[in-house]
Amino acid sequence: MTVIIGYLPSPEGQAALKAGFAEAKARGVRALVVNSPRLGAASEVTTLDASEAAALEEQARKAGVEAEVLQPEHEDNLVETLNRCAKENDASMIVIGLRKRSAIGKFILGSQAQRILLDSDVPVLTTTP
């Protein structure tokens with residue numbers, strides 16, 4: 001079993017890591033940190049380099065959890081990417097961080113988080129910074 005943590009380098013991503021590592025430790029399973037930048041997105045903002053990925057794995061070790069960082073690309077369907085990772089890694093849950101936005105902001109910009117909550121094949125735990 002695995003706990004999947006959706007991660008982007010942000011306060012919301014750090015909140016997801018903290019909650020995800022705690023869940024993985026409580027369940028006695030490993031964590032899979034999925035950093036999946038959208039194809040064509042500004043990669044310098046969302047993509048982790050090798051040293052950043054190693055730092056996340058070290059953060060997991062300090063939390064008492066074995067972790068691996070994956071960086072699969074997705075085009076416009078992050079839910080499909082997370083569901084595929086969940087299936088391939090026998091995940092029991094997905095953990096994501098949420099940023100606070102107004103209802104109008106969500107309506108105008110859409111919400112990847114909402115799509116993950118509605119369309120994930122496994123339970124989703126959300127957290128905020």
Side-chain angles (χ1 to χ4, degrees):
M1 292 299 248
T2 305
V3 169
I4 296 206
I5 303 167
Y7 178 78
L8 291 174
S10 66
E12 295 81 13
Q14 283 298 318
L17 285 178
K18 183 178 178 181
F21 292 157
E23 281 294 324
K25 185 174 182 178
R27 294 166 182 255
V29 299
R30 71 186 188 104
L32 183 63
V33 180
V34 177
N35 170 245
S36 183
R38 184 171 44 93
L39 198 60
S43 62
E44 66 275 0
V45 175
T46 60
T47 304
L48 303 175
D49 64 28
S51 66
E52 292 168 318
L56 291 180
E57 290 172 356
E58 178 60 25
Q59 186 178 345
R61 278 190 287 283
K62 287 181 180 178
V65 176
E66 176 191 339
E68 177 185 358
V69 176
L70 287 183
Q71 293 187 288
E73 286 184 347
H74 73 278
E75 291 190 25
D76 284 327
N77 199 338
L78 179 58
V79 176
E80 185 177 297
T81 300
L82 289 174
N83 279 337
R84 185 177 61 252
C85 287
K87 185 175 183 176
E88 290 171 357
N89 293 280
D90 192 26
S92 57
M93 80 171 4
I94 296 171
V95 180
I96 59 171
L98 298 179
R99 64 185 157 157
K100 296 178 182 174
R101 292 189 353 205
S102 70
I104 295 295
K106 288 178 191 173
F107 177 74
I108 293 170
L109 299 174
S111 173
Q112 285 286 351
Q114 182 176 353
R115 290 188 58 230
I116 293 167
L117 288 167
L118 295 173
D119 297 334
S120 289
D121 294 336
V122 297
V124 178
L125 173 67
T126 62
T127 185
T128 57

Heavy-atom distance under 4.5 Å between the side chains of Pro9 and Asn35, does that happen here?
yes
Going from CD1 on Ile96 to OG on Ser120, what distance comes out if it is rounded to the nearest 0.5 angstrom?
7.5 Å
What is the minimum heavy-atom distance between Ser92 and Pro123, and which atoms define it?
O-CD, 3.5 Å
Contact check, side chains of Lys25 and Glu66, non-hydrogen atoms, under 4.5 Å
no
Which residues pass the salt bridge (Lys or Arg N to Asp or Glu O under 4.0 Å) test with Arg61, not counting sequence neighbours?
Glu58
Do you know the tightest heavy-atom contact between Ala60 and Ala67?
CB-CB, 3.3 Å
Which heavy atom of Ala91 sits nearest a heavy atom of Val122, and at what distance?
O-CG1, 3.5 Å
Can a donor-acceptor pair be found, under 3.5 Å and without considering hydrogens, that links the side chain of Thr2 to the backbone of Asn89?
yes
Taking everything shown except Glu80 itself, do over 12 heavy atoms lie less than 6.0 Å from its CD?
no
Flag, side chain of Asp49 to backbone of Ser51, donor-acceptor distance under 3.5 Å
yes
Candidates Val3, Leu17, Ile4 - the one meeting side chain to side chain contact (heavy atoms under 4.5 Å, CB included) with Val33
Leu17
Nearest heavy-atom approach of Ala24 to Val65 is CB-CG1, 3.7 Å
Report yes if some heavy atom in the side chain of Val95 is under 4.5 Å from a heavy atom in the side chain of Val124; otherwise report no.
no
What is the distance from atom OH of Tyr7 to atom CG of Leu32, rounded to the nearest 0.5 Å?
14.5 Å
Ignoring hydrogens and angles, tell me if any N or O in the side chain of Glu57 forms a donor-acceptor pair with the backbone of Val69 under 3.5 Å.
yes
Where do Gly97 and Ala16 come nearest, in terms of heavy atoms and distance?
N-CB, 3.5 Å
Do any N or O atoms from the side chain of Gln71 and from the backbone of Val34 form a donor-acceptor pair under 3.5 angstrom?
no
Taking all atoms of both residues into account, what is the closest heavy-atom pair of Ala19 and Leu125, and its distance?
CB-CD2, 4.3 Å
To the nearest 0.5 Å, what is the distance between CG on Leu56 and CD on Glu68?
12.5 Å
Which pairs pass salt bridge (Lys or Arg N to Asp or Glu O under 4.0 Å) with one or both residues in residues 113-129, sequence neighbours excluded?
none
Nearest 0.5 Å please: distance from the CD1 atom of Ile116 over to the OG1 atom of Thr81.
9.5 Å
What residues, two or more places apart in sequence or in another chain, satisfy salt bridge (Lys or Arg N to Asp or Glu O under 4.0 Å) together with Glu23?
Arg27
Let me confirm one number: the CG-OG1 distance from Leu98 to Thr128, rounded to the nearest 0.5 Å.
7.0 Å
